Number of protein chains: 2
Amino acid sequence: MHNKNVISLNTHKSNCGSDHPVCQACEVRACGMCSELDTDNLHELRKITRLKEYKAGDQIFCDDEPTENYATIKNGIVKLSKILPDGRQQTIGLGFPPDFIGRAFKDKNSSFASALTDVTVCTFPRELFNDYLKATPTLEHKLFELTLNELDSAREWMLMLGRMTALEKVAALLLNFSERLHNARLLQGLESEKNKFELLLTRAEISDFLGLTIETVSRQFSLLKQKNLISIQNQRFIDITDRPALDKLAGHENY
Amino acid sequence: MHNKNVISLNTHKSNCGSDHPVCQACEVRACGMCSELDTDNLHELRKITRLKEYKAGDQIFCDDEPTENYATIKNGIVKLSKILPDGRQQTIGLGFPPDFIGRAFKDKNSSFASALTDVTVCTFPRELFNDYLKATPTLEHKLFELTLNELDSAREWMLMLGRMTALEKVAALLLNFSERLHNARLLQGLESEKNKFELLLTRAEISDFLGLTIETVSRQFSLLKQKNLISIQNQRFIDITDRPALDKLAGHENY
DNA sequence: ATCTTAAATTGACATAGATCAATAATATCG
DNA sequence: CGATATTATTGATCTATGTCAATTTAAGAT
């Protein structure tokens, strides 16, 4: 059922130009970094791209090793994290399709990227891509906009990390996740109910994101259930039953 | 003495081209967003710029009001912050010369900016600047690089906010501040000892930055003094007396 | 189905940092 | 220069979250 929808979307896309077959079939052709490129430029870029797949848990790139590739996320969720010398870890971002991963114009990533779910990405060799980027203002412009969005959300999370209580943090995460998963599903042409979703993160991953411990996260879930703001099936399937209350907890101005 | 140095630097700059007088005298001509522009383009941009001064404490722009202007910081330090509906506040960044402030391509800022010290900025009207930016790839490229740096440092602070202890946070702040003030002074052609600087933030401002309370920050300062890692004169003038130890506390890999 | 393993929950307790309150240092103003 | 206001420090608690440990739940393997 899911696959059928994806295919029909792709079929639809094939009407709109003479893109390379790989790009024609691309889930994020319309919204990713490449969306600003015309067919000719896309053909050019296509020459240096390669599809890559990762299993949930795989490391995609790592802090200290030089970046060989950049990538656009086609499918799945990528976790970006940082780590202190003694091992304390902090998730600093989640990448959903069609986010770009890697640090443009630098040969080092200052973070780790790993696959939270199974992930498919479209990769570009660093040097070539940097050159192409500098030579292609429309592409650079689009990537700049993606980067500005990331900066916005990083700052949003700084407020959360610095000033929210554990309960508020969990509420904010659920809302954020609900939103982004919803968008990702629509992107794939899937049906999607905003308030119902599978929580793809383990409690450990959530606690890394929120700057909390597993136990504290778990207690907040129990609290939210007890207050009837959410219900959970099998510890993974979330149903937001009182979004206004959750919004209020998360500090959203208009709920 | 300080002023003498500034003047001599400006005099020096006047040799290097036919920039508009205002730009010739600009403290950040060589390193800011404009550094990538040749004289012709600079003349073009100059037409829409206006110098603006703020006193310490002044609000520069605010969350909900539409952005009228962007700006490049010429002098002083700008605080960026976010605020929860109930008033809890979190500083999400400090702007030093030659940082850009404002959210390119959007008509809303998602944060507040205020002057931490007396501040001089060079402002650009939003609409005009956005247009000029899109039409001038070298400028956009430079601004993109500045933005990437900001993203890097936002993520650095996320790790700090989420995973560091109060003592570590204060150590990290001191080192960060020492570095940035040092650079800002060199930029102005001033003598600068990296380990000695005036802490321009009040305890309240520091605690907003670190996600702590005033009292906790104060206690950590006392601890650092007691351990002989720093000494403080008049609660404002910091001397880092044991940088390696401070680096270690702040989780810097190589100290 | 049953066994095994991993993940999540819950409880008891410890602690870092918050809160409240008093004092001390510094800056400001007449 | 002294009086007043602001900011920082320090002390005594309190509390949210962390830590450690025991159970429960779910998932996977045979």
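Sequence lines set the chain letters: A, B, ... in the order given, protein chains first and strands last, and positions in each chain run from 1. Every value quoted in this text rests on a predicted model; they were computed, and no experiment measured them.
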Rounded to the nearest Å, what distance is computed from the [atom1] atom of residue [X] to the [atom2] atom of nucleotide [N]?
X: A:Q220; N: C:dT10; atom1: CD; atom2: C1'; answer: 13 Å
X: A:E205; N: C:dA6; atom1: CD; atom2: C1'; answer: 13 Å
X: B:Q235; N: C:dT23; atom1: CD; atom2: P; answer: 18 Å
X: A:I214; N: C:dT9; atom1: CD1; atom2: P; answer: 10 Å
X: B:M160; N: C:dG17; atom1: CE; atom2: P; answer: 12 Å
X: A:F221; N: D:dT17; atom1: CZ; atom2: C1'; answer: 17 Å
X: A:L210; N: D:dT17; atom1: CG; atom2: P; answer: 11 Å
X: B:K169; N: C:dA16; atom1: NZ; atom2: P; answer: 14 Å

Any side-chain N or O of A:N234 less than 4.0 Å from the OP1 or OP2 oxygen of D:dA27?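 Answer yes for this pair, as a side-chain N or O of A:N234 is under 4.0 Å from OP1 or OP2.
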Establish, with yes or no, whether the OP1 or OP2 oxygen of C:dA16 is under 4.0 angstrom from a side-chain nitrogen or oxygen of B:T216. no
* Asked: Taking NZ, NE, NH1 and NH2 as the nitrogens, is one of them in A:R88 or B:E168 under 4.0 Å from a carboxylate oxygen of the other?
  -> yes
> Does a salt bridge link B:D152 with A:K106, judged by any charged N lying under 4.0 Å from a carboxylate O?
Replying inline: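 Between A:K106 and B:D152 there is a salt bridge, with a charged N closer than 4.0 Å to a carboxylate O.
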Which is true for B:S218 with a 4.0 Å heavy-atom rule: it touches a base, it touches only sugar-phosphate, or it touches nothing? base
Notebook entry, point to check: NA contact type, B:T202, heavy-atom cut-off 4.0 Å: base, sugar-phosphate, or nothing?
Noted result: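 Result for B:T202 = sugar-phosphate.
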From C-beta outward on A:R203, which listed nucleotide comes closest to its side chain: C:dA8, D:dA8, C:dA27?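 Nearest to the side-chain atoms of A:R203, counting from C-beta on, is C:dA8.
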Regarding the side chain of B:R236, the nearest nucleotide among D:dA27, C:dA27, C:dT9 is C:dA27
Item to check | Aromatic ring pairing A:F177/A:F96, orientation class (parallel under 30°, perpendicular over 60°, tilted between) | outcome: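 Because their plane-to-plane angle is over 60°, the rings of A:F177 and A:F96 count as perpendicular.
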Next on the checklist: Quick check: on DNA chain D, is the nucleotide nearest B:E215 upstream (toward 5') of the one nearest A:R219, or the reverse? Name the residue that is more 5'.
Outcome noted: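 Taking each residue's closest nucleotide, the earlier one in sequence belongs to B:E215.
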Could you tell me if B:R103 sits above the aromatic ring of B:F61, with its cationic atom closer than 6.0 Å to the ring centre and no more than 45 degrees from the axis?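 Geometry flag: not set, cation outside 6.0 Å or 45°.
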For B:M160 and B:K169 the tightest heavy-atom approach is O-CE, 3.5 Å
